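Working notes, beginning with the structure itself.
The model shown is predicted, which means the values in this text are computed figures rather than measured ones.
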Amino acid sequence: MGLFRRNKNIKKPVIRQIIDLVPRWMIESCAKKHKSDKGCSKYKTYDQFVALTYGQLNKCYTLNDISTGIGVSETFIGDLGLNQSPARSTMSDGNKKRDWKVFESLYYKVLKHYERVLKSESQRTIIAEIKDQTIKLIDSTTISLCLSMFDWAKFRTAKGGLKIHTSWDDNLQIPDLINITEAKTHDRYGIGQLVFSKGTIVVEDRAYFDFTLMLTRIAAENIFVTRIKTNTLYQTVLELDLPNEGDQDILKDEIIRLSSTRAIEIGISEEQLRLVHVYKEDENKVIEIITNNLEWSARTIADLYKKRWDIELFFKAMKQNLQIKTFLGTSENAVKSQIYVALISYLLVELINRTIAKKTKSFSNLVEKIRICLVYYLSLNYVCNEIGNGAKKIRSAPQLQFSSDLFSASF
């Protein structure tokens, strides 16, 4: 009947049902674009995608773990759409030689394919005053690497590392732009696109506080919301009234002009900006948020900056539940391929969570359920909505039969 197969109506294991959310034509299209199957007879792009996705969702730490897990049954191998299970050496060679850009392209294709449903089911926190506007959250996360093993990812003298620069689309609640660089790359230069279409709101931390960038965004009619650097010189033009009731965390709201020599040279000193001082109780400190919008309420500006927590939660979810800290190869191709497949896995789990799960579940909770059921022949609906709902009773006593000499020894 096949590995763990119980329900005759379920023809594929959970892992294959998840992989099938990425249409095969999409993988073949990316492979054709990047010629990633050229000269390859066995371990094709699809095979590598299956292997790396299995490794992500099953949290495999080595290539041997993946090879053994996939190769446990001929039925299972076939039901994954493979002709054979990948050998460790074959995977190692493929991870090293296949261009990581094929999986980067695949991520964006999958994102585009499910863009409408992701947006409609995003369950994002809506700020009433700007509910119909496009919001981008910009940030990066650093992953440490051993420089002697990952010599292409130089960071400091005796340390290696890389940065995952991310633009998070608030409407989709998914990253819509990713760039992976050496860790020494400054956040300001990590993502090529820091200016967006007219009316876009860009929220970021003070690593992106840059006079030239501000002026460019103003010209493009973007609205930026970021933290001002502590040593920034400015003059107060007007102090605005605070709300009479509520919003006790808003300490000060003012119109300012930047007044440093550098600001004057660049020309940003000519622009009136807004500075909102907000008390952050959990850290017992005041943060100063600067923006080029002079019309919104101070509450809206404070809540916009608070949205940065969404991208922080994304980084946390990736690092805790998927494999982006322990790598299956040391080459640039191997590392970046693994990260982009992790991103695709994150997207697919989010898609399942939003469309199949009847009750909102945390990402970590759903990933754990999927991991437990990965090789079982169960429906995704069952995995999302039935697993873990209390104790299960066996309705009839199981009829177990053992060979009489199963535990006997021959002498």
Heavy-atom check, side chain of [X] versus side chain of [Y], under 4.5 Å:
X: R206; Y: I228; value: no
X: Y234; Y: L273; value: no
X: L258; Y: I290; value: yes
X: I180; Y: K163; value: no
X: T216; Y: F211; value: no
X: S364; Y: Q320; value: no
X: V278; Y: V286; value: no
X: V375; Y: F76; value: yes

Would you say that more than 12 heavy atoms from the other residues, nucleotides or ligands in this model lie under 6.0 Å from the [atom1] of [X], or not?
X: K59; atom1: NZ; answer: yes
X: E283; atom1: CD; answer: yes
X: E74; atom1: CD; answer: no
X: K319; atom1: NZ; answer: yes

Would you call [X] and [Y] a salt bridge, using N to O less than 4.0 angstrom?
X: E350; Y: R354; value: yes
X: E312; Y: R308; value: yes
X: K136; Y: D170; value: no
X: D303; Y: K307; value: no
X: R371; Y: E368; value: yes
X: D247; Y: R299; value: yes
X: D37; Y: K35; value: no

Separation of [Y] [atom2] from [X] [atom1] (nearest 0.5 Å):
X: Y107; Y: I339; atom1: OH; atom2: CD1; answer: 13.0 Å
X: Y43; Y: S92; atom1: OH; atom2: OG; answer: 9.5 Å
X: H113; Y: L351; atom1: NE2; atom2: CG; answer: 9.0 Å
X: L106; Y: K101; atom1: CG; atom2: NZ; answer: 16.0 Å

Closest approach of [X] and [Y], non-hydrogen atoms and distance?
X: R227; Y: F209; result: O-CD1, 3.6 Å
X: R274; Y: E295; result: NH1-N, 3.9 Å
X: S345; Y: Q56; result: OG-CB, 3.7 Å
X: A51; Y: P86; result: CB-CG, 4.4 Å
X: L162; Y: L145; result: CD2-CD1, 3.7 Å
X: E115; Y: L172; result: O-CD2, 3.4 Å

Using only heavy-atom distances, determine whether the side chains of [X] and [Y] contain a donor-acceptor pair under 3.5 Å.
X: T166; Y: D139; answer: no
X: S259; Y: Q235; answer: no
X: D65; Y: T62; answer: yes
X: E121; Y: T355; answer: no
X: N222; Y: T200; answer: no
X: Y377; Y: D79; answer: yes
X: Y54; Y: N58; answer: yes
X: R98; Y: N333; answer: no
X: E204; Y: T226; answer: no
X: Q48; Y: N95; answer: yes
X: D176; Y: S167; answer: yes
X: E281; Y: N284; answer: no

Using modelled atom types only, decide if a donor and an acceptor are shared between the side chain of [X] and the backbone of [Y] within a distance under 3.5 Å.
X: Q17; Y: L378; value: yes
X: T232; Y: K229; value: yes
X: T185; Y: T181; value: no
X: T68; Y: N64; value: yes
X: Q338; Y: I324; value: no
X: D93; Y: S89; value: no
X: T236; Y: L238; value: no
X: N385; Y: K358; value: yes

Do F224 and Y208 have their ring centres less than 6.0 Å from each other?
no
Run the side-chain contact (heavy atoms from CB on, under 4.5 Å) check on L21 and I19 step by step: do they pass?
CA-CA 5 Å; L21 292 172; I19 288 168; over 6 Å; no
Kindly write out the residues that satisfy salt bridge (Lys or Arg N to Asp or Glu O under 4.0 Å) with K38, not counting sequence neighbours, or none if the list is empty.
none
As a test of understanding, state which of R124, K119, Q133 forms a side-chain hydrogen bond (donor to acceptor under 3.5 Å, both in side chains) with N171.
R124
Might you work through the side-chain contact (heavy atoms from CB on, under 4.5 Å) test for I138 and F196, ending with a clear yes or no?
CA-CA 12 Å; I138 311 294; F196 300 89; 4.0 Å; yes
What's the verdict on side-chain contact (heavy atoms from CB on, under 4.5 Å) for C60 and Q323, showing C-alpha distance, side-chain angles and the deciding distance?
CA-CA 8 Å; C60 296; Q323 293 291 67; 5.7 Å; no
Determine, stepwise, if the pair Y346 / I174 fulfils side-chain contact (heavy atoms from CB on, under 4.5 Å).
CA-CA 9 Å; Y346 178 89; I174 287 286; 3.8 Å; yes
Begin from the C-alpha positions of S36 and D99 and carry the test side-chain hydrogen bond (donor to acceptor under 3.5 Å, both in side chains) through to its verdict.
CA-CA 7 Å; S36 58; D99 190 346; over 6 Å; no
Given the options W168, F363, W309, F314 meets ring pair (Phe, Tyr, Trp, His ring centres under 6.0 Å) only with W168
Check step by step if side-chain hydrogen bond (donor to acceptor under 3.5 Å, both in side chains) holds for T300 and S297.
CA-CA 5 Å; T300 291; S297 68; 3.1 Å; yes
